[in-house]
Chemist: 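Just passing along the structure, written as structure tokens.
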Amino acid sequence: MNDNNTYRFDDEKRSIEIFRSDLPTPWINYLSNGRLHAFVSQAGGGFAWWKSPITYRMMHYRYQNVPMDGPGFYTYVREKDGTTWSPTFRPCETPLDDWKAEHHPGWSQFTGTKNGVTAKLKLFCAMDTDAICYDLEIINNSNEEKELDLFAYADLAQLEWTTDLFYGYYIQSQVTTFYDEELDAIIYRYQHTPQPFVEDVPLIWMAADRKMDSWSGDRDKFLGPYRYEQNPIGVERGDCGNDTIECGHPCAAGQVKLTLKPGESDRVVFTLGVAPGGLIKHKETLANIKTDLETFRSHDAIDGQFAKLTAWWDNHLNKFDCSIPNKDIERQIKTWSPIQTVHNGRYSRSTSWHAPGYRGFGYRDTATDMVGVAYRDPKWATDMCLYLLSQQFEDGHALHTCYPEDGPAMSRGASKHADDHLWMPMVVYAILAETGDYSLLDQEVPWLSPEDNWTTFGSDSVWTHLMRGVDFTENNLGEKGFPLTFDGDWNDIILRFSRAGKGESIFCGQQYVIILRQLLEIGAAAGKPQADLDRLRHCLDKMVLNLETHAWDGEYWRRGFTDEGDIVGTKEAEYGKIFINPQSWSVWAGVGTDAQNNSGMDNAIKYTATDFGLRLVYPGFKTYPHDPDPFTGYNPGCAENGAVFCQANGWVIIALSKLGRSEDAWKIFGDMVPHTALTKIGLERYEAEPYAYASNIIGPENKRHGWANVTQVTGTAAWMDLVGTQYLLGVRPTLNGLEIDPCIPADWKEYSVTREYRGATYKISVSNPDGVVKGIKEIKVNGQIIKGQVIDPTAVSGEAAVEVVMGA
Ligand code: NOJ
């Protein structure tokens with residue numbers, strides 16, 4: 001239980017119990033089978049979408065609404081005397097005798113008790129059928145017989161979200177709901193045909209595991225005038241009304257009546273499903289819904305789907321396990337970071353309670369997520385890698401934001417970024433290090449057409465795509481020899497320095513060095529042509545020299561150059577004297593001396609440290625370069641302008657671990673565990689989920705210092721996931737095998753890791769008799785001492801017992 005009795009982690013179950021519904025912000029969980037997705041908050045708020053929240057948004061969620069966090073996956077329990085309450089507490093908000101919410105990997109559960117009746121609502125996505133189950137268990141613990149009405153409700157959206165927002169008043173004439181007697185389901189058809197993929201337009205249905213006593217497809221009639229989800233007239237009168245629409249606002253609502261004797265319980269499952277083909281193959285689609293419903297009326301089948309969902313998560317999470325002395329950090333490493341990495345891999349930076357689902361897949365964002373996914377699910381990372389490479393133009397740069405499910409209209413307006421294409425070698429390296437299968441490099445991938453940023457043409461191998469990225473960077477170096485920033489590098493706001501197209505990014509130069517080293521390693525291992533390797537070596541030497549010559553500011557590394565050739569990130573500047581990224585990436589890139597890199601990190605800590613991580617830049621810009629031209633619009637202390645940018649702290653920790661600075665590394669890593677950050681800052685100030693990273697935490701230059709801003713959709717999870725497992729606990733896949741290179745607190749005597757790797761299970765126990773922070777004395781694999789720190793996977797099969805002794 002945390003200090004203020006708000007929540008409690010259950011580590012055995014990999015879940016969190018939440019005891020307060022009116023949290024400062026929604027604390028959400030994602031439900032998904034990979035095609036059908038939803039998020040739900042502790043108070044039941046949320047929405048569902050199929051494939052894309054832009055084109056197939058199934059439900060409304062009102063982003064600017066007050067009160068926040070609605071509507072959602074709402075259910076109602078109505079007693080005979082009219083008392084009505086919700087197991088999610090909202091929307092009814094009727095005081096309950098007992099209540100809690102639980103978020104588990106891929107499913108959530110809400111338990112409410114009122115007047116001796118307990119309702120348990122389990123929400124999850126079936127794996128094989130695209131349907132969300134509202135699985136309700138009702139228990140009568142009172143001494144009286146209870147006559148109850150149960151309702152489930154979803155506020156259905158016009159599928160194309162922007163059309164709904166801008167033209168919904170016209171399109172409402174193109175929506176229908178109808179009740180299908182044979183299916184006993186309420187069905188919603190969206191008939192707006194300028195849809196990007198008309199053949200896919202789905203029907204949406206709601207049904208129950210038994211005959212519904214009433215139903216509604218008409219939101220306005222179900223809710224009633226000037227009412228809302230808290231007090232629908234259909235619930236109040238105990239009858240949904242059996243209304244449908246041929247224009248207007250659709251909904252799906254159903255009612256089931258129950259009578260429970262004292263001690264009796266029952267289970268009622270409502271399902272909200274989606275079936276593609278509703279427009280052009282209407283009859284076939286209805287037949288498919290029938291097939292789906294045949295499954296979904298059996299509790300055995302629903303339980304089977306739930307078991308399949310939990311098995312998927314168990315399998316994913318079991319690939320890496322650890323036992324370490326600090327249980328808050330252990331929980332974050334083995335459970336919550338990888339869970340969030342999966343969500344980010346699915347939703348990029350697009351959809352959460354505050355991210356409305358419009359951003360598609362960020363090229364760099366998804367690439368970095370896949371670096372985090374690769375060690376647990378190389379197949380998924382490979383699929384995404386091939387997709388992203390198909391979004392690369394022939395000149396080597398990449399489409400900044402991709403909309404695979406939304407058609408060409410969304411893909412217009414491409415911007416050019418210095419870094420997007422440079423993340424792909426990292427993804428490929430991560431996959432190859434995990435699988436050892438170099439055939440990936442030979443796979444053919446098409447090029448994206450700059451005509452429409454949507455169609456593709458021709459194809460070349462993955463290796464050629466990666467080399468084309470090198471070409472692009474080489475062909476677009478600035479006067480000082482660094483990559484031209486164009487519309488930005490990783491740091492969105494840096495484009496302010498390069499509006500005339502001449503600004504240069506030192507940070508991107510460091511990124512380039514890292515990926516050139518990776519490409520050299522990959523190319524050599526895969527036997528790529530010597531000419532390619534020579535070229536990579538030449539580019540590498542050139543950029544390293546350039547960094548050594550132009551990037552050092554005397555005490556730390558600079559950030560870049562403006563259009564006018566002025567330095568960004570220098571002690572001479574009034575604002576933005578120091579940026580942390582060039583300090584950490586220099587270490588990672590292996591550029592400069594240890595003295596320089598330690599000085600860079602010392603200064604990063606000196607100027608930017610807070611109690612919960614380092615700020616991205618110090619001091620935040622108030623103006624740049626002169627008054628009428630505010631630097632970014634971001635206030636000092638906000639986001640990229642001086643907040644603790646959480647993702648960038650992952651790179652700081654990598655750098656510190658490489659420098660052997662365990663105390664600094666673990667302090668930042670530990671302080672930034674969301675539960676710890678929340679505890680230190682206080683719930684009312686931090687506000688956000690204690691189990692998911694935020695993109696940034698507002699910095700001390702701003703009054704709202706400590707607010708965790710933009711939660712869930714951030715690359716932080718993937719990097720913290722990697723940092724914890726590969727750089728701190730030090731079990732790192734390389735092309736040659738599993739490298740063991742821990743950087744741990746000196747007072748740790750031992751810890752253990754179990755990890756799947758290339759078909760074998762490695763049970764690794766690390767002991768630290770001399771109290772060192774880094775360094776290996778001896779590694780034994782199945783009793784045999786090995787040479788070096790990399791375990792050769794060809795010498796291991798089945799299970800390997802790995803005993804590691806740290807020491808000087
Ligand atoms: C959020 C963006 O999604 C991501 O692409 C960017 O790298 C970070 N902001 C940092 O600027």
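Both ligands and their constituent atoms are indexed starting at 1 by order of listing. For clarity, every value in this text was computed on a predicted model and none was experimentally measured. For the single chain, residues carry numbers from 1 onward in sequence order.
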Chemist: Does OH in Y607 sit with more than 12 non-hydrogen atoms of other residues, nucleotides or ligands closer than 6.0 Å?
Modeler: no
Chemist: Would you call the rings of Y347 and H343 parallel, tilted or perpendicular, taking 30° and 60° as the class edges?
Modeler: parallel
Chemist: Would you call W447 and R468 a side-chain contact if the rule is heavy atoms closer than 4.5 Å?
Modeler: yes
Chemist: List the closest protein heavy-atom neighbour of atom 2 (C) of ligand 1: residue, atom name, distance to the nearest 0.1 Å.
Modeler: D492 OD2, 3.4 Å
Chemist: What protein heavy atom is closest to atom 6 (C) of ligand 1, reported as residue, atom name and distance in Å?
Modeler: W490 O, 3.2 Å
Chemist: Please work out whether the ring planes of F39 and F47 are parallel, tilted or perpendicular, with thresholds of 30° and 60°.
Modeler: perpendicular
Chemist: Considering only NZ, NE, NH1 and NH2 on the basic side and carboxylate oxygens on the acidic side, decide whether D492 and R364 come within less than 4.0 Å.
Modeler: yes
Chemist: For atom 10 (C) of ligand 1, what's the nearest protein heavy atom and its distance?
Modeler: E640 OE2, 3.2 Å
Chemist: At a 4.0 Å threshold, what atoms of ligand 1 neighbour a non-hydrogen atom of R359?
Modeler: 2 (C), 3 (O)
Chemist: Salt bridge check: are D671 and K680 linked by an N-O gap of less than 4.0 Å?
Modeler: yes
Chemist: Below 4.0 Å, non-hydrogen atoms only: which portion of D365 touches ligand 1? Side chain, backbone, both or neither.
Modeler: side chain
Chemist: Relative to the heavy atoms of N491, which atoms of ligand 1 are at a distance of less than 4.0 Å?
Modeler: 11 (O)
Chemist: Please say whether R349 places an N or O atom under 3.5 Å from an N or O atom belonging to ligand 1.
Modeler: no
Chemist: What atoms of ligand 1 come closer than 4.0 angstrom to any heavy atom of F645?
Modeler: 9 (N), 10 (C)
